[in-house]
Protein chains: 2
Amino acid sequence: MLGHTAAATRIAKIPTTAGLRSALAAGMQMTLSKGEELFAQGDEAEYFYEVVSGAIRSYKLLSDGRRQIDAFHLRGDIFGLEAGREHRFSAEAVGDVQVVAYRRSRLSAIIEEDAAFRDRIMTATLRNLQRAQDHMLLLGRKTAQEKLATFLLDMAERLSDDEAHFDLPMQRSDIADHLGLTIETVSRTLTQFTRSGLIRLTPAGRSIGLCNRMALKSLDA
Amino acid sequence: MLGHTAAATRIAKIPTTAGLRSALAAGMQMTLSKGEELFAQGDEAEYFYEVVSGAIRSYKLLSDGRRQIDAFHLRGDIFGLEAGREHRFSAEAVGDVQVVAYRRSRLSAIIEEDAAFRDRIMTATLRNLQRAQDHMLLLGRKTAQEKLATFLLDMAERLSDDEAHFDLPMQRSDIADHLGLTIETVSRTLTQFTRSGLIRLTPAGRSIGLCNRMALKSLDA
DNA sequence: CGCCGTTTTGAGCCTAGTCAATGTACGTGG
DNA sequence: CCACGTACATTGACTAGGCTCAAAACGGCG
């Protein structure tokens, strides 16, 4: 039904470098290559993560394979912290990725001792919630054009310095499963944007230039 | 375009009773009647809230009036806590509601001193995030039938003791704006469920009995 | 009893999905 | 260096699920 592929391989959770954030909030740095799975829905939530470089997609699946990517996590984002014992969604590397893993069992100790780290966790969690709320509005109420416009502006803000040009780390099927569309609709809408002079696409389709941010903003509703 | 009505009136934020949770986590109890607004998107986020009884809808609007209700908050739910200074969504009473308001400015003090309350806040926030993630899957990838099946099972779990019979606090337009559908589709799908013997609807359409939870579960995907 | 808000039902349409084919970039090995 | 294979993206023709517009039915309440 949907463009879901991702034959991800499980990665051994072995730290490559030991990064130190603070005495207690020690994190293990790890590297994942394209498509590798960080954790799967149902896995014990022993760690939570911070992205150092690259992009992580976190997603849920329906029994028949339909996929919803609820977020792309980029540099600085913290994710994978759970209220319960198990991860409620899966997470994979979109391209090559570096993350820092924090032990959840140490969380209460960290929170008790390190006020700054506690604030970061709380703020990051609240920001994830905010993003989720914005995204529910997009999924439930925006048209395909509006969805793509919102997505492009968001990616420009998060990926580029000049807000005008950036390289998408993910492929069309990821975008489709994030926006609740099909790859065909994503492709068609981007072509339409190109023809209208809103954006400029490189042949490979991964590099994007925003030519008319005003028009995109107005499509964003 | 959508079934959005809600001519909500602003409520004066005056405590009716003073409820005490713990020495520091003092909350003001307040009562709202049907349709009253607790706060609006853009308001300063001076308080966050816990539902004592009734239901709160929290939602976002697009410029043309399209509405997405991202959550219904029922007894025990905590909501309205923000990372920034402003509320990122609006909140209204679905019916008559009692809530407890906590001052956000006291939050850091509370967190510092009261470990149990801190855990409740953190857990509540993480649960809100989990609910949001589940709901994104619903909005992005489920059919109308699946959406309604999921919704009914969720409401049964949260509203009824026997998980078989309950009264919906909200009207069709609320359900529609929560599930990313129109009121017509909600109504048609419920009629269809009734004809298939999955549920039983009282004339008013607000009281619902689940006759075949198995079948609903399988629709839930 | 009659009004008003809400829900239900009906008919037709449109946006996005499905199915299928073609095009393009890139890596591999002869 | 080029032929080939694979994965990804684009385009086209057609379909369908859910939306729109419209009207009728229903329930609650003054």
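What you see is a predicted model; the values in this text were computed from it and never measured. Chain naming here is simple, since letters A, B, ... match the order of the sequence lines and numbering starts at 1 in each. Computation of the quantities below employed the complete heavy-atom set of this structure, encompassing side-chain atoms and omitting hydrogens, waters and symmetry-equivalent molecules.
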By nearest atom, which of the nucleotides [options] is closest to the [X] side chain?
X	options	result
A/Leu181	C/dA16, C/dT7, C/dC19	C/dA16
B/Ala144	D/dC19, D/dG18, D/dG28	D/dG18
B/Thr191	C/dT18, C/dA16, C/dT9	C/dT9

Original post:
Would you say D/dG18 has OP1 or OP2 under 4.0 Å from some side-chain N or O of B/Thr182?
Top reply: no
**OP:** Answer yes or no: does a side-chain N or O of B/Thr185 lie under 4.0 Å from OP1 or OP2 of D/dC19?
**Re:** yes
How many Å lie between [atom1] on [X] and [atom2] on [N], as a whole number?
X	N	atom1	atom2	value
B/Lys142	D/dG18	NZ	C1'	18 Å
B/Gln145	D/dA16	CD	C1'	14 Å
B/Arg206	C/dT6	CZ	P	8 Å
B/Arg67	D/dC19	CZ	C1'	17 Å
B/Leu168	C/dT7	CG	P	10 Å
B/Ile183	D/dC19	CD1	P	11 Å
A/Asp167	D/dC8	CG	P	17 Å
A/Leu179	C/dT15	CG	P	19 Å

Original post:
Closer to the 5' end of DNA chain D via nearest nucleotide, is it B/Arg188 or A/Lys34?
Top reply: A/Lys34
Original post:
Considering heavy-atom distances to DNA chain C, does A/Glu184 or B/Ser187 have its closest nucleotide positioned more toward the 5' end?
Top reply: B/Ser187
**OP:** Considering only NZ, NE, NH1 and NH2 on the basic side and carboxylate oxygens on the acidic side, decide whether A/Arg131 and A/Asp70 come within less than 4.0 Å.
**Re:** no
Original post:
Side chains of A/Gln133 and B/Gln68: donor-acceptor distance under 3.5 Å anywhere?
Top reply: no
Original post:
Under 3.5 Å, is there a donor-acceptor pair linking the side chains of B/Gln145 and B/Thr143?
Top reply: no
Original post:
Any N or O donor-acceptor pair linking the side chain of A/Arg195 to the base of D/dT11 at under 3.5 Å?
Top reply: no
**OP:** Would you state whether a donor and an acceptor, one from the side chain of A/Arg172 and one from the base of C/dT24, lie under 3.5 Å apart?
**Re:** no
**OP:** May I have the step-by-step check of side-chain contact (heavy atoms from CB on, under 4.5 Å) for B/Leu179 and B/Lys142, ending in yes or no?
**Re:** CA-CA 10 Å; B/Leu179 301 181; B/Lys142 292 189 182 180; over 6 Å; no
Original post:
Does the side chain of B/Asp134 reach to within under 4.5 Å of the side chain of B/Asp154, using non-hydrogen atoms?
Top reply: no
